[in-house]
Amino acid sequence: MILVSIDHGNYAIKIPNDPFVSGLSGHTARPPMAEEILEYDGKFRTLSRQRLSYMRDKTCDDRYFMLSLFAIAKEMEQAGRYSPLEQIRLAVGLPQDDIAQMPDNPDLFQ
């Protein structure tokens with residue numbers, strides 16, 4: 001099992017070994033010159049140096065999910081873990097103000 005900690009910032013995705021700008025580009029075909037490519041649901045995505053616009057709710061679409069997949073892949077590569085069936089535990093957090101506004105549900109924090 002690998003533990004991956006991710007801080008989903010509005011400017012950068014911060015992971016222990018290789019933080020990167022919160023920028024994402026979508027493509028309908030595989031980009032020929034890109035080195036880091038994510039293929040998901042029939043679409044291709046690459047990282048961009050142009051950060052996404054500010055989003056208070058980062059769950060309203062799939063962009064931060066895709067950035068999370070890039071973060072997981074980078075951490076797995078850094079650890080030399082290449083199994084397609086790797087068990088991954090995510091350590092993610094929320095700002096204190098957001099936690100205070102969440103419903104009282106202990107299952108959210110396990």
Q: For residues V92 and M66: do they belong to one hydrophobic cluster (side chain heavy atoms under 4.5 Å, members Ile, Leu, Val, Met, Phe, Trp, Tyr)?
A: yes

Q: Roughly how far, to the nearest 0.5 Å, is OH of Y64 from CE of M55?
A: 6.5 Å

Q: Show the numbers, then the answer: is there a side-chain hydrogen bond (donor to acceptor under 3.5 Å, both in side chains) between Q78 and D18?
A: CA-CA 9 Å; Q78 178 70 25; D18 190 13; over 6 Å; no

Q: So how far is it from L69 CG to L24 CG, rounded to the nearest 0.5 Å?
A: 10.0 Å

Q: Taking side-chain hydrogen bond (donor to acceptor under 3.5 Å, both in side chains) as the definition, give me every residue that meets it alongside K58, ordered by chain and number, with sequence neighbours left out.
A: none

Q: Just jot down the side-chain hydrogen bond (donor to acceptor under 3.5 Å, both in side chains) partners of D41, sequence neighbours excluded, or say none.
A: none

Q: To the nearest 0.5 angstrom, please state how far the CZ atom of R49 sits from the CZ atom of F20.
A: 13.0 Å

Q: Once rounded to the nearest 0.5 Å, what's the spacing between atom CD of E75 and atom CD1 of I15?
A: 4.0 Å

Q: Name all residues meeting the side-chain hydrogen bond (donor to acceptor under 3.5 Å, both in side chains) criterion together with D61; count only those two or more places apart in sequence or in a different chain, and write none if there are none.
A: R63

Q: Do F65 and L67 land in one hydrophobic cluster if side-chain heavy atoms of ILVMFWY residues count as linked below 4.5 Å?
A: yes

Q: Does CD in Q50 sit with more than 12 non-hydrogen atoms of other residues, nucleotides or ligands closer than 6.0 Å?
A: no

Q: Salt-bridged, R45 to E39, with N to O below 4.0 Å?
A: no

Q: Rounded to the nearest 0.5 Å, what separation is found between the CD1 atom of I13 and the OG atom of S68?
A: 6.0 Å

Q: Calculate, to the nearest 0.5 Å, the distance between atoms OG and CD1 belonging to S83 and I88 respectively.
A: 9.0 Å

